[in-house]
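Note sheet for the following structure.
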Amino acid sequence: MKLNLKIWRQKDANSKGELVDYTLDGVEGDMSFLEMLDVLNEDLINNGKEPVHFDHDCREGICGTCSLQINGEPHGPDRLVTTCQLHMRKFKDGDTIVIEPFRATAFPVIKDLVVDRSAFDRIQQAGGYISVNTSGNTVDANAIPINKHDADDSFYAATCIGCGACVAACKNASAMLFTSAKVSQFALLPQGRVEATERVQNMVRQMDLEGFGNCTNTGACEVECPKGISLENIARMNREYLSATTKG
Amino acid sequence: MSGLIKSSIARKVVMALSGLFLVFFLAQHFTINITSVVAPDTFNEWSHFMGYNGLVQFILQPILIAGVIVHFVMGIALEIKNNKARAIKYKKYNGAANASWVSRNMIITGLVVLAFLGLHFYDFWVHEIDYKYIAGNAEDPTRYYHETVEKFEPFWRTALYVVSFVLLSLHLWHGFASSFQSMGVNNKYTPAIQTFTKIYAIVIPLGFIFIALYHHFNPITH
């Protein structure tokens, strides 16, 4: 199939970018979206032009590295997949596809479609961990019985790959779904309760410092999340936060 | 404490609590107003009570006005912060693919309702203040019904009220249930809350529209 691509090109963080038109022929339905961009880049390189820069790593939907706002939706029109898992069969011959970087003040563009998502790392570092002595004193995780429902919910929250689609989808560029998933995965387990009060306060404080917007409960994040992280996590984080702040 | 005031979650809780308070007030307001259709004498009696009872006038009314101010000032402050969170906008943003128009445009429906409140305050609250405290008129427990009906004589005012109630309905449609999520309530009762929200968001504004239209088409003949 033949596609008309409108791709955001931006030389560096300080340059003003723009959408540039490309026409790409010979795209197969079995290609992934990133493979389609690989084909485009080979063409560009063969013609002595600068290839389009984009983030990618595992290409199997696990690492959370790939991003891209495709026709106005993070990870494109398909549901529960990352851009690397998006097949070109979702598009038709002659389609125009607008490809932009994830947009948020907290996710500045580095080059072309590559954005700096280290704000997520700093939120995680603010409290997304448990303090355990691992120097020969480790306790078997199964030594503490955990309610199956809580264990499952914690696991579902932990499937967040931190790709940033929630921020990209949200009209307010809010990072509440990401932060709440990272808070929830610990909040639901006894091992995580020890530092629960400080964790939620520190992570929310860091989230606000990074300049993300507020949650207005549109639910766009949940729909676009490639891992299907639920809005229930945001409600849980709100509860955790209110409980933590009233404790002082 | 200063951290709490700046916190995005605390601000959302303030929006939720003030919003729920206004939702509760709306039901009370509707209950009194509907009597202007079914029992004008009761409407006069209740309105007079609300207008001259010290608790209502000097405690509940200031709380209500504070609730309105907190809700819209905080709403606008959050909107400004949210706009800054995406300083460079998308060239193509398909918001309809993943969220309802109503949930994405609370600021628009909210500002229309706020503009309506300006008119509504001018129509009734300013009039009351003038009648009681500036003109210094004596108490008249029978004036409320005909004053209200006369307000709806002009077509333009009735039309503005109707349009505003439609926008209020849209605002409630998202806002009412959303306030529970903001306060951390998302559990087995959530579907029931969402259903109740939809019923409330239709019934109450539709009721207000009915009252406005009823008085417009049934003017007091002099």
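Just so it is clear: chains get the letters A, B, ... in the order the sequence lines come, proteins before strands, and each one is counted from 1.
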- prompt: Among Ala220(A), Cys215(A), Gly213(A), which residue forms the greatest number of heavy-atom pairs with chain B at distances under 4.5 Å?
  reply: Ala220(A)
message: side-chain hydrogen bond (donor to acceptor under 3.5 Å, both in side chains) for Ser182(B) and Asn217(A)? Distances and angles first, verdict last.
response: CA-CA 8 Å; Ser182(B) 292; Asn217(A) 307 324; 3.2 Å; yes
query: What heavy-atom pair brings Lys92(B) and Glu100(A) nearest, and what distance separates the two atoms?
result: N-OE2, 2.9 Å
query: When heavy-atom pairs shorter than 4.5 Å are enumerated against chain A, which of Asn94(B), Val185(B), Asn83(B) gives the highest number?
result: Asn94(B)
task: Determine the minimum heavy-atom distance between Lys12(B) and Asn214(A), stating which atoms define it.
output: CD-CB, 4.3 Å
- prompt: Can you say whether Ile234(A) sits under 4.5 Å from chain B via the side chain, the backbone, both, or neither, judging by heavy atoms?
  reply: both
query: For Arg239(A) and Asn186(B), which heavy atoms make the closest approach, and how far apart are they?
result: NH1-N, 4.2 Å
message: Please report the interatomic distance CD1(Ile88(B)) to NZ(Lys16(A)), rounded to the nearest 0.5 Å.
response: 9.0 Å
query: Taking all atoms of both residues into account, what is the closest heavy-atom pair of Asn98(B) and Ala169(A), and its distance?
result: ND2-CB, 4.2 Å
field: Proximity breakdown for Cys170(A) and chain B, heavy-atom pairs closer than 4.5 Å
entry: backbone
message: Return the CD1 to CD distance between Ile9(B) and Gln201(A), rounded to the nearest 0.5 Å.
response: 10.0 Å
message: I'd like to know whether CG of Leu80(A) has more than 12 heavy-atom contacts from other residues, nucleotides or ligands below 6.0 angstrom.
response: yes
Closest heavy-atom pair and its distance - Arg103(A), Tyr90(B): N-OH, 3.0 Å
- request: In sequence, state the C-alpha distance, the side-chain angles, and the governing distance for Met207(A) and Ser8(B), and then conclude on side chain to side chain contact (heavy atoms under 4.5 Å, CB included).
  value: CA-CA 9 Å; Met207(A) 176 185 81; Ser8(B) 56; 3.5 Å; yes
query: Can you find a pair of side-chain heavy atoms, one from Thr216(A) and one from Ser103(B), that are under 4.5 Å apart?
result: no
- line: Bottom line for Val13(B): the part with an atom under 4.5 Å from chain A's heavy atoms is side chain
- request: Please say whether more than 12 non-hydrogen atoms of neighbouring residues, nucleotides or ligands are located less than 6.0 Å from OH in Tyr133(B).
  value: yes
query: Picking from Lys81(B), Met183(B), Arg86(B), His174(B), which has the most non-hydrogen pairs under 4.5 angstrom with chain A?
result: Arg86(B)
- prompt: Highest number of heavy-atom pairs under 4.5 Å with chain B: which of Val98(A), Val109(A), Val223(A), Thr218(A)?
  reply: Thr218(A)
message: Taking side chain as everything from C-beta outward and backbone as N, CA, C, O, which of these in Pro77(A) sits under 4.5 Å from a heavy atom of chain B? Side chain, backbone, both or neither.
response: neither
task: Output yes when a side-chain donor or acceptor of Tyr93(B) lies under 3.5 Å from a complementary backbone atom of Asn71(A), and no otherwise.
output: no
field: Per-residue contact mode, Glu232(A) against chain B (heavy atom under 4.5 angstrom)
entry: both
- request: Look at atom CZ of Phe155(A) and say whether more than 12 heavy atoms of other residues, nucleotides or ligands are closer to it than 6.0 Å.
  value: no
message: For Phe208(B), is the CZ atom crowded, meaning more than 12 foreign heavy atoms sit under 6.0 Å from it?
response: yes
message: Which atoms of Lys84(B) are under 4.5 Å from chain A, going by heavy atoms: the side chain, the backbone, both sets, or neither?
response: backbone
query: Between Glu79(B), Met15(B), Arg104(B), Met106(B), which residue shows the highest count of heavy-atom pairs closer than 4.5 Å to chain A?
result: Arg104(B)
message: With a sphere of 6.0 Å drawn around NZ of Lys111(A), does it hold more than 12 non-hydrogen atoms of other residues, nucleotides or ligands?
response: yes
- request: Work out which heavy atom in Asn172(A) is nearest to a heavy atom in Ala85(B); give both atom names and the distance.
  value: O-CB, 3.3 Å
